[in-house]
Chemist: 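Take this structure, written in structure tokens, and hold onto it; I'll ask about it next.
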Amino acid sequence: MAEHLVDLGYEVWGLVRGQANPPVRHLRELRGDVRLIRGDLLDQGSLIAAVERVQPDEVYNLAAISYVPMSWQQAELTGEVTGLGVLRVLEAIRVCSGISASRSPGRGQIRFYQASTSEMFGMVRETPQTEQTPFHPRSPYGVAKVYGHFLTQNYRESYGMYAVSGIMFNHESPRRGTEFLPRKVSLGVAKIKLGYERQLRLGNLTASRDWGFAGDYVRAMQLMLAQDEPADYVIGTGVTHTVETLVDTAFSAAGLNWRDHVVTDAAFIRPAEVDRLCADPSKARDELGWEPKIGFEELVTMMVDADLQLLAAGPHASEEFADAW
Ligand code: GDP
């Protein structure tokens, strides 16, 4: 996101929490021209101070506890960060802009983007999913995101704020955290290919996801804040694949047969599963002119190639976090 906004000529500020936050090093390597400011979604005062200091035109809230299995283990924290964190960012914008029920924002108001998720559809009521599809979240993460989604809509309706949500389906890249399936698989394939490991332990192979490339999705986020009228959009490819197909595609990209290496491990089965997600992104296509450029096979191959390159430096070149939770 930061990279895309810098390319568009934005001055970008990133909110950083904690005392020593390892990802900050990556951000600095990636883009020296992103400025950093301290703050935490659990700390209202710090968010108000950040908005006062930066005086932003746009605020993108991509911060969350976003790993679904962790949200059962730390359900309250997930609610605080992923749910109430949205309230605190919206309140910081509202307070700093002097907005109240009787005083609407004028021109030049701060525009707010909330990262909503296809996990809100959960046990899906219809396929494919649109902006009108009812929610039925299946994890504390999904429930917290539904809160953030409706709160964003509520601040738009209550205060006239330009506050919108992008209902993002799974989006991946070589920078994806190693706990998420596509990166866990691409890293696992690279390790097996390079002879560092022989097995990859996974959970449910029958679930389906609409997987896209994160670089395509951040374009949609920026476009959503550049419209005349604020509105929510479903962002996805419209094509769904099973976990097994993703695994097969990744192993094939490295000239391997997944059946020789993948072991099913109950530790990675979730208390409740989201079986099948598939986006209908027609509203984004018609109103934003948005379309994904990278397809499924290209995405998976890109991730496998990137991890083969990364691990050429040795088996521990990646920072891993693939516990079962
Ligand atoms: P999510 O859709 O936001 O939960 O993204 P993930 O990438 O974590 O999971 C995608 C799908 O892969 C889910 O249906 C998981 O149950 C399934 N899956 C199967 N094995 C694994 C595994 O070992 N790790 C993860 N993260 N997901 C797995």
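Both counts, for ligands and for their atoms, begin at 1 and track the order of listing.
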Chemist: Pick whichever of K184, R276, R209 has a heavy atom sitting closest to atom 22 (C) of ligand 1.
Modeler: K184
Chemist: Under 4.0 Å, heavy atoms only, figure out whether ligand 1 is touched by the backbone of F268, its side chain, both or neither.
Modeler: side chain
Chemist: Which residue supplies the protein heavy atom nearest to atom 20 (N) of ligand 1, what is that atom called, and how far is it?
Modeler: G203 N, 2.7 Å
Chemist: Mind checking whether L202 contacts ligand 1 via backbone (N, CA, C, O), side chain (CB onward), both or neither, at a 4.0 Å heavy-atom cut-off?
Modeler: both
Chemist: Can you list the ligand 1 atoms lying under 4.0 Å from a non-hydrogen atom of V68?
Modeler: 3 (O), 4 (O)
Chemist: Pick one: which of Y10, Y60, Y113 meets side chain to side chain donor-acceptor pair (under 3.5 Å) with Q222?
Modeler: Y10
Chemist: Return the residue, atom name and 0.1 Å-rounded distance of the protein heavy atom closest to atom 16 (O) of ligand 1.
Modeler: E273 OE2, 2.6 Å
Chemist: Can you check ring pair (Phe, Tyr, Trp, His ring centres under 6.0 Å) on Y155 and F112, steps first, answer last?
Modeler: CA-CA 10 Å; Y155 270 53; F112 174 73; 8.8 Å; no
Chemist: Say whether D307 and S186, considering side chains only, have a donor N or O and an acceptor N or O under 3.5 Å apart.
Modeler: yes
Chemist: Using the six-membered ring wherever Trp is involved, compare the ring planes of F121 and F135 and label them parallel, tilted or perpendicular (cut-offs 30° and 60°).
Modeler: tilted
Chemist: Provide, to 0.1 Å, the distance between atom 28 (C) of ligand 1 and the closest protein heavy atom, together with that atom's residue and name.
Modeler: L181 CD1, 3.5 Å
Chemist: List ligand 1 atoms under 4.0 Å from P182, heavy atoms only on the residue side.
Modeler: 7 (O)
Chemist: How far is atom 26 (N) of ligand 1 from its nearest protein heavy atom, and which residue and atom is that?
Modeler: E179 O, 2.9 Å
Chemist: Can a donor-acceptor pair be found between the side chains of S158 and N154 at a distance below 3.5 Å?
Modeler: yes
Chemist: I want to check something: taking the side chain as every heavy atom from C-beta on, are V86 and K145 in contact at a cut-off of under 4.5 Å?
Modeler: no
Chemist: Would you say W211 has any N or O atom under 3.5 Å from an N or O of ligand 1, going by distance alone?
Modeler: no
Chemist: Can you confirm whether E244 sits close enough to W258 that some side-chain heavy atom of one is under 4.5 Å from a side-chain heavy atom of the other?
Modeler: yes
Chemist: With a heavy-atom distance limit of 4.0 Å, tell me whether N170 approaches ligand 1 through its side chain, its backbone, both, or neither.
Modeler: side chain
Chemist: Tell me yes or no: between the side chains of Y233 and E287, is some donor less than 3.5 Å from an acceptor?
Modeler: yes
Chemist: For atom 4 (O) of ligand 1, what's the nearest protein heavy atom and its distance?
Modeler: R270 NH1, 2.6 Å
Chemist: Check for me whether S118 has a heavy atom closer than 4.0 Å to any atom of ligand 1.
Modeler: no
Chemist: Go through ligand 1 atom by atom and flag the ones less than 4.0 Å from a non-hydrogen atom of A207.
Modeler: 14 (O)
Chemist: If you measure from each non-hydrogen atom of V243 to ligand 1, which part falls under 4.0 Å: side chain, backbone, both or neither?
Modeler: side chain
Chemist: By number and element, which atoms of ligand 1 are closer than 4.0 Å to a non-hydrogen atom of E119?
Modeler: 1 (P), 2 (O), 3 (O), 4 (O)
Chemist: I need the nearest protein heavy-atom contact for atom 19 (C) of ligand 1: residue, atom name and distance, please.
Modeler: N204 O, 3.2 Å
Chemist: Is any side-chain heavy atom of T240 less than 4.5 Å from a side-chain heavy atom of R276?
Modeler: yes
Chemist: More than 12 non-hydrogen atoms from neighbouring residues, nucleotides or ligands closer than 6.0 Å to CD on Q309, yes or no?
Modeler: no
Chemist: For ligand 1, is there an N or O atom under 3.5 Å from any N or O atom of E172?
Modeler: no
Chemist: Can a non-hydrogen atom of Y67 be found less than 4.0 Å from any atom of ligand 1?
Modeler: yes
Chemist: Answer yes if the side chains of T249 and S252 hold a donor-acceptor pair under 3.5 Å, and no otherwise.
Modeler: no
Chemist: Would you confirm whether R88, through its side chain, and L41, through its main-chain N or O, come within 3.5 Å as a donor-acceptor pair?
Modeler: yes
